[in-house]
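See structure below.
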Amino acid sequence: MKWSEFFVTGEPLIYAADVAIVLTMVGIVFVLTYFKKWKWLWNEWLTTVDHKKIGVMYIICAVLMLFRGGVDALLMRAQLTAPNMKFLDAQHYNEIFTTHGTIMILFMAMPFIIGLMNIVVPLQIGARDVAFPYLNALSFWLFFFGALLFNISFVIGGSPDAGWTAYFPLASNEFSHGVGNNYYAVALQISGIGTLMTGINFLVTILKMRAPGMTLMRMPMFTWTILITCVLIIFAFPVLTVALALMTFDRLFDTQFFTMANGGMSMLWANLFWIWGHPEVYIVILPAFGIFSEVVSTFAGKRLFGYKAMVGSIVGIAFLSFIVWVHHFFTMGAGPAVNSAFSITTMAIAIPTGVKIFNWLFTLRKGKIRFTTAMLWSLAFIPNFVIGGVTGVMLAMAAADYQYHNSYFLIAHFHYVLIAGTVFACFAGLHYWYPKMFGHILNERLGKWTFWLFMIGFNICFFPMYFLGLMGMTRRMYTYSEGLGWTPLNVVATVGAALMGIGFIVLCYNIYYSARYGERDMTGDPWNGRTLEWATASPPVHYNFPVTPVVEDLDAYWVMKKKYGGFQVKEEDLKPIHMPSNSGRPFWMSVAFFVAGFGLVFKWFALAIVGALFIVLGLILRSFEDDDGYYIPIDEIKRMERAARKGA
Amino acid sequence: MGANGHHESFPWKHIIGFVLSLVLTFAALWVALSSGLPLKAVIVIIVVFAVIQASLQLFMFMHVNESDSGRIQTFNMAYSFFIAIVVVAGSIWVMQFVL
Amino acid sequence: MGEVAHRYDETLPLEYRTQESRLNILGFWIFLGAEVALFATLFATYLVLFQRTGSGPTASELFEVKDVLIETLLLLTSSFTCGLAIFEMRRGRLAGLLAWLLVTLLLGAGFIAFEIREFIHYVHEGATMQTSAFLSSFFVLVGTHGAHVSLGIGWMILIIIQLLQRGFTPKTARKVFIVSLYWHFLDVVWIFIFTLVYLLGMVM
Amino acid sequence: MKRARWRAVLVLPLLFLLGGCVERTAVLNPQGPVARMQYDLIMWSVGFMLFIIVVVFTLFAVFLIRYREKPENAGYEPPDEEGNTLLEVVWTAIPILIVAALAVPTVKATFALEKPPTEKVEPITIHVTAANWKWIFSYPEENIETVNYVHIPAGVPVKFKLTSVGPMNSFWVPELGGQKYAMDGMETELILQADKPGSYMGRSANFSGEKFAHMEFEVVAQTGDDFRKWVNEVKQTAPKLDEKKYTQILKPGLVGRMTFSNTHLEWIDHAKQNSHHADGKPMKNDDQSDEAMTNSHHHGE
């Protein structure tokens with residue numbers, strides 16, 4: 001391979017990005033060296049097994065990826081503003097929508113959700129950490145290096161360009177010559193393995209590590225949704241693993257799974273992709289439902305209406321999510337019987353979802369609603385998600401879907417569910433749990449600016465797309481001709497996208513502003529919360545709770561406050577606390593995965609084997625490791641508790 | 001707590017499981033290659049034999065239902081088999097028109 | 001639920017005594033659930049593609065009863081001996097445990113040897129992964145199982161070394177138990193490969 | 001919040017409709033029985049959906065206004081209610097009824113779309129081959145072939161038999177009816193029919209690579225007489241297509257409209273390319289369903 005092929009060349013945008021990347025890296029290295037922070041970085045972050053720190057790192061990555069995916073989106077909107085625009089060429093546009101989709105789903109929505117669940121779930125169930133802290137670190141670093149591998153395709157080798165669904169035969173060697181789709185296959189594989197381990201980890205954590213008294217039906221709703229999400233991850237991600245492996249074999253070793261000759265079958269890819277892909281949608285939406293439940297209940301000042309029905313409906317949604325995948329390709333001609341069956345199962349999902357909507361509404365009824373930023377995001381979710389939901393039901397009707405399929409109607413629908421669902425939830429959760437993560441509150445005034453800009457922008461951007469779809473505009477068109485009547489609505493959509501971009505900038509400024517001037521949270525409970533995460537200090541000491549809390553009912557902390565005036569810790573109840581040791585191995589093993597993956601992408605098999613050997617070495621070392629963690633003595637706990645409550 | 005009472009002096013459970021596995025394997029082989037049954041019947045019978053044999057492994061050798069997590073483990077395996085059936089049967093059904 | 005930290009329960013078998021061990025064993029069971037989904041996807045792929053042989057050989061032209069039967073018996077027996085190893089462990093006999101683990105290991109190695117021989121044989125007949133969709137899916141399904149068995153062999157060797165170094169501890173006992181779950185599970189997968197790949201391939 | 005919602009929900013579509021764009025909105029402007037059946041289904045669902053939106057939005061607005069925190073209710077303590085079984089039953093049952101009301105016509109329409117909309121007229125068959133990035137239409141009975149445009153007789157059901165050389169495409173003529181995929185090595189069937197003569201835009205709805213956005217074609221519906229006239233004219237005046245020319249057309253890139261007085265089906269049918277029974281022997285499967293059997297005819301090649 002020539003160097004000119006190795007580095008992506010030819011576009012001023014790319015060169016500018018190259019320069020920006022190099023400058024940022026130099027800047028980071030300089031700052032770390034100048035302030036002598038390398039050791040701190042290694043000891044406190046890169047080797048940590050603390051679920052709260054891991055969660056924070058997930059969220060930082062997610063916000064960075066939101067930026068990257070958002071820039072992709074703005075570039076696309078700019079190109080589509082007017083007919084026959086020459087802002088981006090076809091190839092560049094194709095790469096951008098591919099990376100936009102992949103990044104937003106897998107490297108933005110997933111890590112944001114996983115970050116929040118890392119921070120919150122052990123606190124909500126009154127645990128010291130997750131069941132497998134070492135594995136948790138490995139999960140994060142695999143995700144991180146998977147995402148890194150995917151992102152460097154932008155400057156090294158070239159981005160994938162076959163859509164985030166990577167349908168064959170378009171994604172085969174024959175039609176995608178470059179390494180772009182190798183990146184897709186390998187990077188998603190690496191981060192997917194991390195996600196699978198997260199699923200197992202949190203399932204065991206929730207099932208086995210709850211505080212005494214916390215029966216399943218006393219679990220906070222967010223924890224419930226994570227439990228069910230873990231089940232989805234555990235059974236859906238192996239399907240992706242296999243699909244990506246088959247893709248890798250087809251692209252690197254010339255096998256015939258999805259090829260056009262020797263019996264290969266491109267439809268099989270679509271089938272496998274969506275067996276994973278549909279549960280994946282629920283993997284990012286169920287936790288969102290959990291976040292909204294927590295926020296709505298807290299700021300309405302009431303317990304969640306119809307808790308049991310809420311639990312039942314998430315179980316129902318999760319069950320149905322595995323038997324609806326064909327609705328993503330009704331138009332492949334599987335026949336009316338198949339389409340009808342999957343049409344009905346898909347529509348059935350609307351029933352438990354409707355139950356949830358009404359329970360949220362009735363949680364508001366008779367409440368005392370405080371319009372905080374977190375609450376605004378959660379309230380805005382309801383009407384916007386309903387628009388996305390009802391259009392989803394329309395799409396589920398197979399015969400009608402033939403008219404919506406792959407059109408902008410579909411684009412509008414899934415952005416209405418994914419943005420109004422997942423993204424609003426991430427923002428709600430971020431504002432809600434921010435004091436718990438960092439000990440200070442995000443500025444409310446700036447938060448509301450972000451909310452209104454983003455929410456209004458979102459509607460202006462995506463609502464017209466329903467009509468563009470009905471006018472015959474299909475997704476993934478890099479341009480369109482004049483005289484189709486699509487221009488006015490496209491202009492409107494671009495304006496909306498710009499507003500969303502401004503909203504994001506305000507959010508970033510808010511993070512900076514609040515870190516400097518934000519109100520410190522001394523109580524640990526700034527929102528008058530209901531669940532156990534508010535019973536401990538903000539930010540919590542690394543062992544979370546000095547003694548394990550005892551749960552008496554749903555909304556455990558609320559009950560404690562009513563009955564005992566708060567979470568009472570008597571010094572004589574303190575016992576030495578067992579904690580896991582930090583380890584650098586998850587980090588360097590993930591580096592080895594990255595190296596192996598990079599080797600596979602470029603078919604440098606020697607490099608891939610070297611990486612693989614280091615992975616095996618890491619596993620062997622882990623097997624022989626005899627580290628049982630350490631105990632924190634009682635005096636140390638007392639000292640830390642005093643320091644934490646002083647807000648040091 | 002089934003993990004507790006394992007004090008028998010002879011591994012009867014294992015031997016019975018092993019013998020049954022061998023019987024089922026040879027029976028499946030015979031049904032497939034020498035029974036002369038119609039194809040559909042052959043498929044049904046050998047799949048049923050396979051499922052029985054898999055359950056033997058799970059219960060006789062792996063003690064899926066033992067320990068304080070026995071119910072979770074059993075439910076987990078049952079659900080994973082459900083997913084397996086959905087994936088396999090679903091894929092075949094969806095794509096039978098091109099098979 | 002109770003205290004979460006290192007709860008130690010004397011009444012349980014060694015591998016279940018610490019809380020950490022109980023979490024690990026449950027976690028491994030859950031992982032096996034994920035493995036079921038993984039193999040199910042490979043089976044789905046194989047069953048969709050196995051009649052799409054292109055210009056290559058068909059299943060019935062390729063498979064031979066004798067080879068398959070030998071592999072099956074080796075793996076079945078190894079699963080049995082692996083069960084005996086756990087039986088010995090629960091009776092507190094380290095020597096018995098080690099002996100049966102070693103037998104299991106040898107049977108597993110025998111299985112792998114036969115499988116490699118089978119694959120080489122196919123390749124010599126011109127039936128490679130690249131020949132047809134049927135063969136791609138065949139090699140990847142059976143190969144993934146084979147890779148799992150090979151990994152299991154390596155893993156078991158590591159555990160035998162630790163048993164020799166450290167003897168019975170709650171940790172080594174738990175590791176033996178988990179590797180035994182893995183090994184039995186691979187036998188479960190093989191039962192379905194035997195049925196849905198080889199038997200079905202020979203009758204259709 | 002309310003402000004934004006009103007703007008989004010009411011103002012935009014209102015502006016849009018006032019702009020007189022209805023006939024531009026192809027899906028809502030059906031020009032044949034297939035599209036009309038889908039249009040009716042869409043409108044049927046829109047009614048229910050608007051009902052749901054109205055109910056949810058009303059409850060939402062009322063609860064937000066009534067139960068917001070205000071200085072007067074500073075001492076108000078929200079009640080500790082767990083839920084209400086009757087309400088749960090109500091909002092489970094109503095969605096079930098709505099889903100049922102949508103499912104029945106959906107299933108009916110889904111089956112109906114696989115058959116010609118009328119039995120009185122004998123349908124004509126046109127083979128459609130998608131290639132990077134053009135559409136090739138072959139008329140096996142008339143023995144003519146066109147590229148990037150297709151003539152059909154109005155009032156006659158047209159069976160489009162879709163396949164592809166290369167990436168998947170989707171064949172969509174929104175004014176005449178919904179789409180179906182054109183895929184390599186397989187054949188899908190889409191039946192469309194135009195009410196009256198006219199010109200309708202069609203395009204690929206599934207991304208197929210670099211110039212996919214340009215994969216447009218025109219469907220020209222004509223009266224029976226005009227159509228026959230056109231066919232005869234093509235037969236007499238259009239050049240013959242040979243393999244060399246055909247290979248050239250298949251090369252990735254854009255081409256204009258073309259017309260030929262024979263079809264490429266003479267030497268190749270891409271739908272039957274990727275066979276899995278190279279020797280053409282039927283499957284040994286004795287429990288094949290009829291459907292699978294009729295579809296397996298392309299196994300021999």
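Note: hydrogens, waters and symmetry copies are ignored here, and every other heavy atom, side chains too, is used. None of these values were measured; they are calculated from a predicted model. In the text below, chain A, chain B and the rest are named by the order of the sequence lines, each starting its count at 1.
- For chain D, the option among A/Gly163, A/Ala398, A/Ala399 with the highest count of heavy-atom pairs below 4.5 Å is A/Ala399.
- Summarising the geometry of A/Ala300 relative to D/Pro78, their closest heavy-atom pair is O-CG, 3.7 Å, with the distance given to 0.1 Å.
- No close placement of the D/Phe212 and A/Tyr478 rings is indicated, their centers lying 6.0 Å or farther apart.
- Chain D forms more heavy-atom pairs under 4.5 Å with one residue of A/Ala162, A/Ala90, A/Gly306 than with any other, namely A/Gly306.
- Neither the backbone nor the side chain of D/Arg66 comes within contact range of chain A, judged by heavy atoms closer than 4.5 Å.
- Ranked by heavy-atom pairs under 4.5 Å with chain D, the first of A/Lys368, A/Lys308, A/Met477 is A/Lys368.
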Stepwise side chain to side chain contact (heavy atoms under 4.5 Å, CB included) check, A/Phe358 with D/Val55: CA-CA 10 Å; A/Phe358 285 106; D/Val55 170; 4.1 Å; yes

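- Applying the side-chain contact (heavy atoms from CB on, under 4.5 Å) criterion to A/Ala412, with sequence neighbours excluded, gives A/Met465, A/Tyr466.
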Verdict with supporting geometry, D/Phe60 and A/Leu379, side chain to side chain contact (heavy atoms under 4.5 Å, CB included): CA-CA 9 Å; D/Phe60 181 70; A/Leu379 291 174; 4.1 Å; yes

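- For D/Gln38 (side chain) and A/Ala400 (main-chain N/O), no donor-acceptor pair under 3.5 Å exists by modelled atom type.
- Between chain D and the residues A/Glu174, A/Arg370, A/Arg475, the most heavy-atom pairs under 4.5 angstrom are made by A/Arg370.
- Of the two parts of D/Leu113, only the side chain, counted from C-beta on, holds a non-hydrogen atom closer than 4.5 Å to a non-hydrogen atom of chain A.
- Residues D/Lys180 and A/Gly333 share a closest heavy-atom pair of CE-CA, 4.3 Å.
- Of the candidates A/Lys302, A/Lys562, A/Lys366, A/Lys562 is the only one forming a salt bridge (Lys or Arg N to Asp or Glu O under 4.0 Å) with D/Glu77.
- For a residue to count as touching a neighbouring chain, one of its non-hydrogen atoms must lie under 4.5 Å from one of that chain's; by this rule D/Thr110 touches chain A with backbone and side chain alike.
- Residue D/Tyr76 qualifies as enclosed at atom OH: its count of foreign heavy atoms under 6.0 Å is above 12.
- Side-chain contact check for D/Val46 versus A/Met394: some heavy-atom pair is nearer than 4.5 Å.
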Pair D/Glu88-A/Asn359, side chain to side chain contact (heavy atoms under 4.5 Å, CB included): steps then yes or no: CA-CA 8 Å; D/Glu88 300 288 351; A/Asn359 276 302; 2.6 Å; yes

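- The part of D/Met201 that comes within reach of chain A is its side chain, from C-beta onward, which places non-hydrogen atoms under 4.5 angstrom from that chain.
- No donor-acceptor distance shorter than 3.5 angstrom exists from the side chain of A/Gln403 to the backbone of D/Tyr39, with no hydrogens or angles considered.
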